[in-house]
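Okay, so here's the structure we're looking at.
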Amino acid sequence: MADSTAEFLIKDEDLSSLKGKVVVLTGASVVSGDINPPAASEQPETPALLFLRTDVANWDDLSALFKKAKQHHGRIDCVFANAGIGPRANYLALETDSKGDLKEPSHELLEVGLKGLINTASLAVHYMKDQPEGGSIVLMGSSTGLQPLRAVDYSTAKHGVLGFGRGFARLADVAGLPIRINTLMPSWTTSNVLPDLEGLMRRISHVPQPALVVARAAAYLMADASRQGNIIYIADGKYKEIEKAVLWPAYQTIKGEGNPSDDEVLKRLLEN
């Protein structure tokens, strides 16, 4: 089922076409939007880098970020929907209020990691769709969206990102938009989601991959105009395309030979 050609390398020269591009980036410290400003050492005095405090769970904040990028640069070439937080909800040990009634579970992670990502991608399409050259959107998923995970809110958000990325890429194709949509699914990676990840991992003798490995994949998907509707699994510093090599072939096997896909049925319904 898996295709041995799914694994690929990223060379420095593969990223050269990004020179001069306008990139909107959420969840990082280009036009950068984050709820926390970058340290002074990370924010050099240059007109090429703008920062706007942005809560990705807030539509007005996100809208202002894109508007500022468009006004300053005149275009938006690439968007990396990267903002995220660590697990928040414990669905087995929920709190009760003063009356002893159950409190609603926390949806904070879903607001940031799924709704915020969907809104970021929607704004990206709005600003890119009328550009003759279109644009590129990269969505930050996780390998936890491919498997059962006991951090349920995190897993749910990342399963949602996978579904959104696959469906949105298909929709952009059908609409004939010159916009490429690809999704990253990295395994354990050093990031601010779990601040002391390296220290925690050291105790269990597991080494997370550096964030640079994932950043290179995001840049590569922006630069390579042939990449559309890809799902890139990243583990141990290696890259594998799994939509065309694994996920779609698996579904074809499950649905059975001769049966139409659900999307094909939907197409027929819309046409009639």
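Positions are given from 1, in the same order as the sequence printed here. Fair warning: this is a prediction, and the values are worked out from it, not measured in the lab.
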Notebook entry, point to check: Taking Q209 for the side chain and D236 for the main chain, is one N or O donor matched with an acceptor at less than 3.5 Å?
Noted result: yes
Within a radius of less than 6.0 Å around CD of E257, do more than 12 heavy atoms belonging to other residues, nucleotides or ligands occur?
no
The ring pair (Phe, Tyr, Trp, His ring centres under 6.0 Å) partners of W59 (sequence neighbours excluded) come to none
query = Does any non-hydrogen side-chain atom of I137 lie less than 4.5 Å from one of M128?
reply = yes
Can you find a pair of side-chain heavy atoms, one from T54 and one from T26, that are under 4.5 Å apart? no
Margin query: Any non-hydrogen side-chain atom of K255 less than 4.5 Å from a side-chain atom of Q252?
Written below: yes
Residues passing the side chain to side chain donor-acceptor pair (under 3.5 Å) test with S98, sequence neighbours excluded, are none
To the nearest 0.5 Å, atom OG of S187 lies from atom NE2 of H206 at 5.5 Å
Practice problem: Take Y154 and S142 through the test side-chain contact (heavy atoms from CB on, under 4.5 Å) and record every step on the way to the result. | Solution: CA-CA 9 Å; Y154 193 84; S142 166; 3.9 Å; yes
Fill in: 4.5 Å side-chain heavy-atom contact, I118 and F168
no
Tell me, do P186 and M140 make a side-chain contact under 4.5 Å, heavy atoms counted? yes
Taking the side chain as C-beta and beyond, is there a heavy-atom pair between P210 and T190 under 4.5 Å?
no
Separation between CG (L102) and CG (L94), nearest 0.5 Å, reads 5.0 Å
Notebook entry, point to check: Is a side-chain donor-acceptor pair under 3.5 Å present for S155 with H159?
Noted result: yes
Between the NZ atom in K158 and the CD atom in Q147, the distance rounded to the nearest 0.5 Å is 13.0 Å
Here the gap from Y239 atom OH to L9 atom CG, rounded to the nearest 0.5 Å, amounts to 9.5 Å
Mind checking whether E243 and R166 have side chains closer than 4.5 Å, heavy atoms only?
yes
When rounded to the nearest 0.5 Å, the distance separating OG of S106 from OH of Y91 is 7.0 Å
Salt bridge D77-R75, side-chain N to carboxylate O under 4.0 Å
yes
Quick note, side-chain hydrogen bond (donor to acceptor under 3.5 Å, both in side chains) partners involving residues 212-233, not counting sequence neighbours, are D12-R216, D173-Q228, Y220-D224, Y220-R227, D224-S226, R227-N230
Chi angles and distances behind the side-chain contact (heavy atoms from CB on, under 4.5 Å) call for I242, L146: CA-CA 11 Å; I242 61 172; L146 297 168; 3.8 Å; yes
Taken to the nearest 0.5 Å, the spacing of T189 OG1 from L184 CG works out to 10.0 Å
Treat each ILVMFWY residue as a node, draw an edge where side-chain heavy atoms are under 4.5 Å apart, and state whether F8 and V138 are in one component. yes
Query - Heavy-atom check, side chain of V161 versus side chain of T183, under 4.5 Å - result: yes
Evaluate the side-chain contact (heavy atoms from CB on, under 4.5 Å) criterion for residues I231 and L162: first the C-alpha distance (whole Å), next the side-chain angles of each, then the deciding distance (0.1 Å), finally the verdict. CA-CA 8 Å; I231 308 295; L162 177 62; 3.8 Å; yes
